[in-house]
Amino acid sequence: MARGKFLSIEGGEGAGKSTQVRRLADELRARGLDVIVTREPGGSEGGEAIRNLLMQGDVKRWSSHTEALLFAAARADHVEKVIQPALGIGTWVISDRFIDSSRAYQGVAGGIDDAAVLALHAFGSRGLLPDRTLVLEVPPEIGAERAAARDGAAADRFAARERAFHDDVVAAFRRFAAAEPDRVRLIDAAGDVETVAAGMIEAVADLLP
Ligand code: TYD
């Protein structure tokens, strides 16, 4: 049996990821594929327990280094317990965020070397990379507006960071796409839901059986 394909969806705050993740899963299922949708941090029982540590509390609760370790640990559990078993039985996996979020948030925006983030990933998750990574891009001011409208006063530790941090995140994803054009594709997410969804399916069309 052919292995499933592994897709990750990335983006800054308020890029509309969750809606588009659901849409992409529906489109792939309509083409006869088995698909699971999962997320990071979280996605497995252990991963979700670590997620609670990461998302709650004061912005300064964890240093960038500790954060990078916690994200890597959550990812290791997620890969071992959920992602690899699914791929192994031919199921496609769509993960709402994956390693490129660690490279962008803890790495570029948090000041940790990309090589160090990738070394943790090599150790924890055997360096598993998605077959395709779609980065949803909206101008940072639109993203901030959408995120504020969604979260109100309930912004988590990450959403509460200042504008410069989020600008670094957006710039980082753009650099990853330039460096690895085969794996990482930028999707203009400023348009309406249908247009963006069409762009997403087009960006994985060459992977379809
Ligand atoms: P989430 O509520 O899932 O937000 P979003 O809708 O933006 O995906 O929160 C995930 C937050 O964790 C998000 O701000 C990005 C951050 N994050 C990292 O900093 N590093 C990581 O490796 C991952 C997976 C997420």
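Start at 1 and go down the list; that is how both ligands and their atoms are numbered.
- Aromatic pair Phe71/Tyr105: centroids not less than 6.0 angstrom apart.
- Every atom of ligand 1 is numbered from 1 in the order shown, and the set under 4.0 Å from a heavy atom of Pro41 is 10 (C), 24 (C), 25 (C).
- Protein heavy atom at the shortest distance from atom 19 (O) of ligand 1 is Gln106 NE2, 2.8 Å.
- Nearest heavy-atom pair across Ala203 and Leu134 is CB-CD2, 3.6 Å.
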Should Glu40 and Ser95 be marked as a side chain to side chain contact (heavy atoms under 4.5 Å, CB included) after you check the CA-CA gap, both sets of side-chain angles, and the distance that decides it? CA-CA 7 Å; Glu40 289 204 348; Ser95 186; 4.0 Å; yes
Side chain to side chain contact (heavy atoms under 4.5 Å, CB included) between Val193 and Gln20, intermediate numbers included: CA-CA 8 Å; Val193 173; Gln20 290 299 334; 3.7 Å; yes
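- Closest to atom 17 (N) of ligand 1 by heavy atom, among Phe98, Phe165, Phe71, is Phe71.
- The protein non-hydrogen atom at the shortest distance from atom 10 (C) of ligand 1 is Met55 CE, 3.6 Å.
- Heavy-atom proximity to Glu40, at under 4.0 Å, picks out these atoms of ligand 1: 24 (C).
- Looking at Glu10 and Arg132, no side-chain N of the basic residue comes within less than 4.0 Å of a carboxylate O on the acidic one, giving no salt bridge.
- Looking only at heavy atoms of the protein, atom 22 (O) of ligand 1 is closest to Ser102 OG, 2.5 Å.
- Neither the backbone nor the side chain of Glu67 comes within 4.0 Å of ligand 1, counting heavy atoms alone.
- Contacts between Ile99 and ligand 1 below 4.0 angstrom, taking non-hydrogen atoms only, are absent altogether.
- Taking a cutoff of 4.0 Å between a charged side-chain nitrogen and a carboxylate oxygen, Asp58 and Arg61 do not qualify as a salt bridge.
- Each of the following atoms of ligand 1 lies closer than 4.0 Å to a heavy atom of Asp156: 2 (O).
- Between atom CG of residue Leu69 and atom CD of residue Gln106 there is a gap of 10.0 Å, rounded to the nearest 0.5 Å.
- Per-residue contacts place Lys17 under 4.0 angstrom from the following atoms of ligand 1 (heavy atoms of the residue considered): 5 (P), 6 (O), 8 (O).
- Taken to the nearest 0.5 Å, the CD1 atom of Ile94 stands 12.0 Å off from the CZ atom of Arg23.
- Remark: minimum distance from atom 14 (O) of ligand 1 to any protein heavy atom is reached at Phe158 CB, 2.9 Å.
- In this structure, the side chains of Glu67 and Leu70 stay at 4.5 Å or more apart for every pair of heavy atoms.
- Taking each of Arg51, Arg39, Arg97 in turn, the one with a heavy atom nearest to atom 1 (P) of ligand 1 proves to be Arg51.
- The proximity of Arg150 to ligand 1, defined as any non-hydrogen pair under 4.0 Å, is limited to the side chain.
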